[in-house]
There are 2 protein chains.
Amino acid sequence: MSYEPKPGTPVQELDTPALILDLDKFQRNVDKMARFFANKPTVLRPHSKTHKCPQIAQRQLAAGAVGITCAKVSEASVMAQAGIRSILIANEIVGPAKIERLTELARQATMYVAVDDPNNIRALSVACHNKGVQLGVLIEVDIGMKRCGVQAGPVVIDLARQIADAPGLTFSGILAYEGHLVMVQDPEERARRVRHDIQPLNDVVESLEKHGLPAKIVSGGGTGTYDISGTCPPMTEIEAGSYVFMDTTYLKIRPEFESSLTLLVTVISRPTPERVIVDAGMKSITHEFGLPQPVDVPGAALRSLSEEHGKIELADPAAISVPAGSKMRVIPSHCCTTVNLHDKMYVCQQDVLVDIWPIAARGCVQ
Amino acid sequence: MSYEPKPGTPVQELDTPALILDLDKFQRNVDKMARFFANKPTVLRPHSKTHKCPQIAQRQLAAGAVGITCAKVSEASVMAQAGIRSILIANEIVGPAKIERLTELARQATMYVAVDDPNNIRALSVACHNKGVQLGVLIEVDIGMKRCGVQAGPVVIDLARQIADAPGLTFSGILAYEGHLVMVQDPEERARRVRHDIQPLNDVVESLEKHGLPAKIVSGGGTGTYDISGTCPPMTEIEAGSYVFMDTTYLKIRPEFESSLTLLVTVISRPTPERVIVDAGMKSITHEFGLPQPVDVPGAALRSLSEEHGKIELADPAAISVPAGSKMRVIPSHCCTTVNLHDKMYVCQQDVLVDIWPIAARGCVQ
């Protein structure tokens with residue numbers, strides 16, 4: 001009884017809730033970002049946590065990306081399986097089970113991983129050496145996000161030296177993500193603060209160079225900051241991911257990209273003239289960045305989500321007919337976590353289904 | 001490279017993030033709820049949206065539940081496939097694709113569905129009649145949640161008459177969920193308001209009876225209200241679900257059940273003495289009801305979640321050692337949406353793995 005609509009099916013006939021990818025808008029986003037990096041010294045290594053979909057990763061590579069970024073070993077495993085040959089895990093990988101899987105991946109692809117701790121470096125080295133593989137290692141430097149990472153300073157040189165001396169490991173550079181700034185609303189303030197917080201990395205990179213430990217990669221950046229970090233020394237790689245889909249949060253600050261991803265929902269109940277209940281709630285669309293935005297229906301605003309219901313209010317019920325059974329689209333407020341709730345996306349062109357792409361790394365949190 | 005630890009593995013050796021079910025605590029919760037209903041006129045039809053796991057549904061039935069409740073047709077399909085023979089979909093099912101699947105399910109199990117609209121009743125009747133199946137239909141009555149449903153009053157009689165006259169449909173009763181009250185903190189206020197809001201249903205049921213349309217089922221209730229609604233006429237069935245796992249939200253108001261479900265996480269970074277970063281974020285545990293609660297580590301409080309990181313703060317870092325690589329458990333604040341992020345749960349007894357249960361209906365939102 002698995003639901004598999006055929007190519008050629010009109011979007012409006014798809015069962016719901018259904019994640020709809022507008023292929024043309026998506027491809028324009030991919031191409032626009034690729035053009036930005038086409039003649040820059042920095043390169044694009046897009047974060048696949050946004051889409052978790054090998055078909056999308058391959059399109060990003062075809063447009064010029066140097067590889068992909070992942071958050072987890074299990075995600076990287078799906079991408080390596082799909083033939084992707086250069087993967088940066090922008091995260092500390094800790095614990096024997098994960099390190100074992102990481103060394104297996106290093107046989108299939110050029111793998112990079114982040115570290116911020118000498119014990120972790122030792123554990124990675126032992127595992128890689130035993131397996132006879134070589135792993136690229138980046139030191140995570142905290143430039144203001146206050147999450148993982150060491151502070152810019154002499155400790156970076158010490159760790160780089162330890163990595164360079166460790167069998168099975170290659171010192172590859174720095175990971176420094178300005179995640180605390182990617183959503184600063186004012187573009188000038190955002191640019192000023194990103195440049196300010198990245199600045200100390202120049203000294204770090206220069207000092208590494210002096211110690212004979214050149215940072216081949218300095219990785220960071222997101223959709224909110226790609227054009228700032230992407231033109232700001234010493235950054236060499238940008239990890240932006242959300243630009244392929246966009247969401248209401250990023251649309252506010254990045255109007256140059258298009259909304260390519262929506263959730264198609266069905267009206268299941270019309271209890272009052274103003275109230276429209278749709279068949280999608282928190283299990284189909286996330287709301288940690290605010291309530292998602294209905295499109296197609298003028299004056300419709302989402303007021304709350306329960307697990308499997310969305311409550312929409314109509315500003316002017318007399319002006320529009322929204323009977324039970326009608327469908328509408330909703331733009332997520334956070335594309336990355338919304339995609340992670342779904343097993344597949346319905347790929348459409350001009351509102352007709354052309355393909356179904358599995359979200360193959362959905363739920364890969366280990 | 002799929003991760004499948006063997007029974008006998010100590011919990012502390014499981015890869016993370018991992019959803020851990022303490023089988024003994026879980027079974028005590030199941031048994032305690034079953035005992036409550038053992039000598040009552042009301043029966044238990046637990047909501048499977050909480051666990052989405054046939055193994056758990058079967059244990060609830062073995063303890064005396066009369067069937068299960070689902071939110072979606074695709075969920076019901078997984079449960080019917082697992083051999084469950086009485087299923088109430090406590091939701092309006094709208095649209096030809098879903099109605100077609102619902103009629104197929106009615107061949108495999110005794111199916112009940114909710115309605116609040118004459119057109120939907122007609123569509124269900126045509127489909128069931130064409131398929132030669134019989135579907136039990138409940139009228140959803142809004143008793144204060146302001147979601148789906150009609151108001152208590154003459155419209156219920158009209159709809160019941162329409163259902164009773166419709167080929168393929170059987171009028172089975174009323175669905176009335178007091179979801180707006182299940183988390184009222186003060187037990188006396190909760191009890192008073194639940195009884196007050198359920199009260200109008202007595203007139204509805206009496207009037208139905210007079211019209212020769214007896215309501216065999218009057219279904220509602222949650223873990224927050226099972227002992228109120230479960231002893232309050234005219235309710236006949238209670239849909240409580242969360243009691244099997246519990247979460248920080250329900251533990252505050254339902255101390256008679258035990259926390260049986262936790263997320264095992266690994267510390268991946270210790271950037272400062274106070275700050276502990278673990279490998280679980282919004283893609284592993286939800287936070288719409290507040291931030292989850294670490295256990296095992298005294299003075300540890302979760303401060304924020306990003307997609308794949310949790311930021312924990314230690315009240316007294318000198319008092320306790322929490323190195324990178326150590327593991328701890330976190331109690332979800334909302335078990336239902338957290339379970340929906342995972343493909344399986346690791347079933348443990350006395351901190352040793354005894355089984356792995358697939359969350360077979362995870363992601364079943366259609």
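- Within the 4.5 angstrom heavy-atom criterion, no atom of A/N119 approaches chain B.
- With respect to chain B, the highest number of heavy-atom pairs below 4.5 Å among A/G149, A/P323, A/C336, A/G363 belongs to A/C336.
- A 4.5 Å side-chain heavy-atom check between B/H309 and A/N91 finds at least one atom pair inside the cut-off.
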How far apart are the C-alpha atoms of A/E288 and B/L305, what are their side-chain angles, what is the distance that settles it, and do they pass the side chain to side chain contact (heavy atoms under 4.5 Å, CB included) test?
-> CA-CA 10 Å; A/E288 66 269 2; B/L305 293 172; over 6 Å; no
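- If you measure heavy-atom distances from A/I277 to chain B, the contacts under 4.5 Å come from the side chain alone.
- To the nearest 0.5 angstrom, A/I268 atom CD1 is 8.0 Å from B/R147 atom CZ.
- With a 4.5 Å cut-off on non-hydrogen atoms, A/V115 does not touch chain B at all.
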Test side chain to side chain contact (heavy atoms under 4.5 Å, CB included) on B/D343 and A/R362 and set out the steps.
-> CA-CA 10 Å; B/D343 290 315; A/R362 184 217 53 77; 2.7 Å; yes
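- Ranked by heavy-atom pairs shorter than 4.5 Å toward chain A, the options B/E92, B/K327, B/E13 are led by B/E92.
- In plain terms, the two heavy atoms of A/E307 and B/T337 that are nearest each other are CG-CG2, 4.1 Å.
- A pairwise comparison of heavy atoms in A/P271 and B/C148 identifies CG-CA, 4.1 Å as the closest pair.
- Listed for the A/K311 side chain is a donor-acceptor partner under 3.5 Å among the backbone atoms of B/K146.
- Looking at A/N120, there are no atoms closer than 4.5 Å to chain B (heavy atoms on both sides), in backbone or side chain.
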Decide salt bridge (Lys or Arg N to Asp or Glu O under 4.0 Å) for A/E308 and B/K49; before the verdict, give the C-alpha distance in whole Å, the side-chain angles of both, and the deciding distance to 0.1 Å.
-> CA-CA 10 Å; A/E308 299 283 13; B/K49 74 182 170 85; over 6 Å; no
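- Atoms OG1 and NZ, from B/T286 and A/K283 in turn, are 9.5 Å apart once rounded to the nearest 0.5 Å.
- Contacts of A/V365 with chain B are made by both backbone and side-chain atoms, with heavy-atom separations under 4.5 Å.
- Between chain A and the options B/M282, B/H287, B/H342, heavy-atom pairs under 4.5 Å are most frequent for B/M282.
- Under the 3.5 Å distance criterion, the side-chain polar atoms of A/K72 are matched with a main-chain donor or acceptor of B/D279.
- Put simply, the side chain of B/K98 gets close to the backbone of A/T16: a donor and an acceptor are under 3.5 Å apart.
- Within the 4.5 angstrom heavy-atom criterion, only side-chain atoms of B/N340, from C-beta onward, approach chain A.
- Separating the NE2 atom in A/H180 from the OG atom in B/S306 is a distance of 13.5 Å, to the nearest 0.5 Å.
- Most heavy-atom pairs under 4.5 Å with chain B: of the set A/G95, A/S284, A/P17, this distinction falls to A/P17.
- Both the backbone and the side chain of B/Q366 have a heavy atom closer than 4.5 Å to some heavy atom of chain A.
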